[in-house]
Trainee: 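Quick one: the structure is below, and I'll ask about it shortly.
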Amino acid sequence: MSRPRINLEATLFCGQSFAWTKIGAVYQAALRGRLVSFTQESLPSLLAKDGGVCEYFDCSFDYEGAEQHLASLDPYLARAIASFSGLRILCQDPWETTVSFILSQNNHITRIRSLYRRLSEAYGTPVGEGVYTFPRPEELDGVTEDQLRGLGVGFRAPYIIDAVAKSPILDAVHDLDDEGALSALMQIAGVGPKVGSCILLFAYQRRRIFPRDVWVKRIMGEHYRHHTCAFFAPHEGLAQQYLFHAYRSEHGRKG
DNA sequence: GGCCAGGAGGCCT
DNA sequence: AGGCCTCATGGC
């Protein structure tokens with residue numbers, strides 16, 4: 001069986017993960033506590049021998065089938081998929097994803113990335129030159145609001161502290177249905193419907209979840225006025241990623 | 001229910 | 001070089 005090509009550029013920099021850097025042709029991040037690096041060309045051989053990386057890139061899901069189905073629904077989505085084919089929904093760590101999307105509110109991607117990096121450098125564990133793991137809740141235990149504000153997270157500092165305290169919720173989410181899971185996540189300060197939806201889609205493989213940020217609301221208003229997100233069923237989450245990424249690329253947004 | 005603060009770095013002109 | 005944008009959440 002041939003392995004479908006993963007579009008790394010779109011997948012790693014579309015705003016679902018803030019962990020990755022690209023130096024030359026090399027993509028690099030701390031993944032599950034260790035340094036992982038590859039190029040577009042070397043990724044297939046890494047996937048073949050590293051189950052962890054394979055799982056991270058959601059390799060057991062039939063993306064070709066999902067893309068075909070979505071592309072058959074309407075020409076606008078078909079064009080987005082044609083432009084960025086191989087965009088995947090990553091299987092990310094719930095804790096990292098929760099803090100990342102708390103940081104994301106009222107913020108642009110470039111700045112989220114720098115805050116993510118600063119938190120990692122300040123409280124994470126080094127795994128390679130200049131690369132650190134994202135700090136676990138235990139590593140952030142006892143951190144103060146002032147310390148976090150010192151890193152530039154601003155009004156999000158108390159949210160992060162609350163997330164540390166309530167991090168056990170993240171284990172319970174695995175056993176809840178989508179609705180119950182969203183309610184549970186929203187018990188964390190700074191987690192509302194949008195942030196909670198992103199956590200469910202990017203860390204818990206809830207493929208039916210359709211996060212609505214301002215961009216997606218614009219897209220739905222401009223192109224899907226007579227539809228709800230159920231139009232994209234059962235691949236709402238993947239459709240959202242293609243629409244979001246294509247629309248923003250088209251409108252020249254980088255951050 | 002609606003409006004506005006909060007925060008600072010990257011983006012655009 | 002400097003002003004503007006970000007755009008979810010919580011609190012009033």
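Just so we're on the same page: letters track the sequence lines, and every chain starts at 1.
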Trainee: Before accepting this row, confirm whether a basic side-chain N of the pair A:Glu145/A:Arg149 lies closer than 4.0 Å to the acidic partner's carboxylate O.
Mentor: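 Looking at A:Arg149 together with A:Glu145, the answer is yes, because their closest N to O distance falls below 4.0 Å.
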
Trainee: The side chain of A:Val195 is closest to which nucleotide in this list: C:dT9, B:dC11, C:dT6?
Mentor: C:dT9

Trainee: In whole angstroms, how far is the C1' atom of C:dT9 from the CG atom of A:Leu185?
Mentor: 15 Å

Trainee: What is the distance, to the nearest angstrom, from the CZ atom on A:Arg117 to the P atom on B:dG10?
Mentor: 8 Å

Trainee: If you only use heavy atoms from C-beta on, which nucleotide in C:dT9, C:dT6, C:dA8 is closest to the side chain of A:His108?
Mentor: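 Nearest listed nucleotide: C:dT6.
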
Trainee: Could A:Asp50 and A:Arg32 be called an ion pair, given the rule that one side-chain N must be under 4.0 Å from one carboxylate O?
Mentor: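 No salt bridge links A:Asp50 with A:Arg32.
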
Trainee: Roughly how far apart, to the nearest Å, are B:dG10 and C:dT9 at atom P?
Mentor: 24 Å

Trainee: Going by the ring pair (Phe, Tyr, Trp, His ring centres under 6.0 Å) test, which pairs reach into residues 152-204 of chain A, not counting sequence neighbours?
Mentor: A:Phe101-A:Phe202, A:His174-A:Tyr204

Trainee: Over how many whole Å does the gap from A:Leu148 atom CG to B:dG7 atom P extend?
Mentor: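 Interatomic distance, CG of A:Leu148 to P of B:dG7: 13 Å.
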
Trainee: Check step by step if side-chain contact (heavy atoms from CB on, under 4.5 Å) holds for A:Gln40 and A:Glu9.
Mentor: CA-CA 9 Å; A:Gln40 182 76 53; A:Glu9 210 59 37; 5.9 Å; no

Trainee: Considering residues, nucleotides and ligands other than A:Glu222, do more than 12 of their heavy atoms fall under 6.0 Å from its CD?
Mentor: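 Check passes, neighbour count above 12.
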
Trainee: If we take the P atom in both B:dC12 and C:dC7, what is their distance in whole Å?
Mentor: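 Looking at atom P only, B:dC12 and C:dC7 are 13 Å apart.
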
Trainee: Which protein N or O atoms sit under 3.5 Å from an N or O of nucleotides 3-6 of chain B?
Mentor:
| residue | atom | partner | partner atom | Å |
| --- | --- | --- | --- | --- |
| B:dG6 | O6 | A:Asn106 | ND2 | 3.4 |
| B:dG6 | N1 | A:Asn106 | ND2 | 3.2 |

Trainee: Which residues pass the ring-ring contact (aromatic ring centres under 6.0 Å, His included) test with A:Tyr132, not counting sequence neighbours?
Mentor: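 A:Tyr132 satisfies ring-ring contact (aromatic ring centres under 6.0 Å, His included) with no other residue.
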
Trainee: Report which part of the nucleic acid A:Arg118 touches: base, sugar-phosphate, or nothing (heavy-atom distance under 4.0 Å, all strands).
Mentor: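 Sugar-phosphate, no base atom in range.
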
Trainee: Atom CZ of A:Arg218 to atom C1' of C:dC7: distance rounded to whole Å?
Mentor: 8 Å

Trainee: Only counting residues at least two apart or in another chain, list the ones meeting side chain to side chain contact (heavy atoms under 4.5 Å, CB included) with A:Glu67.
Mentor: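 Partners of A:Glu67 by the side chain to side chain contact (heavy atoms under 4.5 Å, CB included) criterion, ordered by chain and then number, come out as A:Ile81, A:Ser85, A:Tyr242.
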
Trainee: Which word best sums up how the rings of A:Tyr224 and A:Phe232 line up, parallel for under 30°, tilted for 30 to 60°, or perpendicular for over 60°?
Mentor: perpendicular

Trainee: Compute both the distance and the angle, then confirm whether A:Arg218 meets the cation-pi test with A:Tyr247: under 6.0 Å from the six-membered ring centre, within 45 degrees of the axis.
Mentor: no

Trainee: For A:Cys14, enumerate each residue passing the side chain to side chain contact (heavy atoms under 4.5 Å, CB included) test, keeping only those at least two apart in sequence or located in another chain.
Mentor: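 A:Cys14: side chain to side chain contact (heavy atoms under 4.5 Å, CB included) contacts with A:Gln16, A:Leu87, A:Gln241, A:His245.
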
Trainee: Expected output check: what is the dot-bracket annotation of DNA chain B, where ( ) and [ ] are pairs inside the strand (brackets for crossing ones), | is paired with another strand, and pairs are Watson-Crick or G-U under 3.5 Å?
Mentor: .||||..||||||

Trainee: Whole angstrom is fine here: how far is it from CG in A:Asn107 over to P in B:dG10?
Mentor: 11 Å

Trainee: In whole Å, I'd like the distance from the CH2 atom of A:Trp215 to the P atom of C:dT6.
Mentor: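 To the nearest whole Å, that distance equals 6 Å.
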
Trainee: Could you state the CG-C1' distance from A:Leu119 to B:dA8, rounded to the nearest angstrom?
Mentor: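 To the nearest whole Å, that distance equals 15 Å.
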
Trainee: Base, sugar-phosphate, or nothing: which does A:Val191 touch, judged by heavy atoms less than 4.0 Å apart?
Mentor: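 Sugar-phosphate only.
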
Trainee: Could you state the CZ-C1' distance from A:Arg248 to C:dC5, rounded to the nearest angstrom?
Mentor: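 So the two atoms are 12 Å apart, to the nearest Å.
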
Trainee: Which is more 5' along DNA chain C, the nucleotide nearest A:Ser104 or the one nearest A:Gly190? Just name the residue.
Mentor: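 By nearest-heavy-atom nucleotide position, the 5'-most residue is A:Ser104.
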
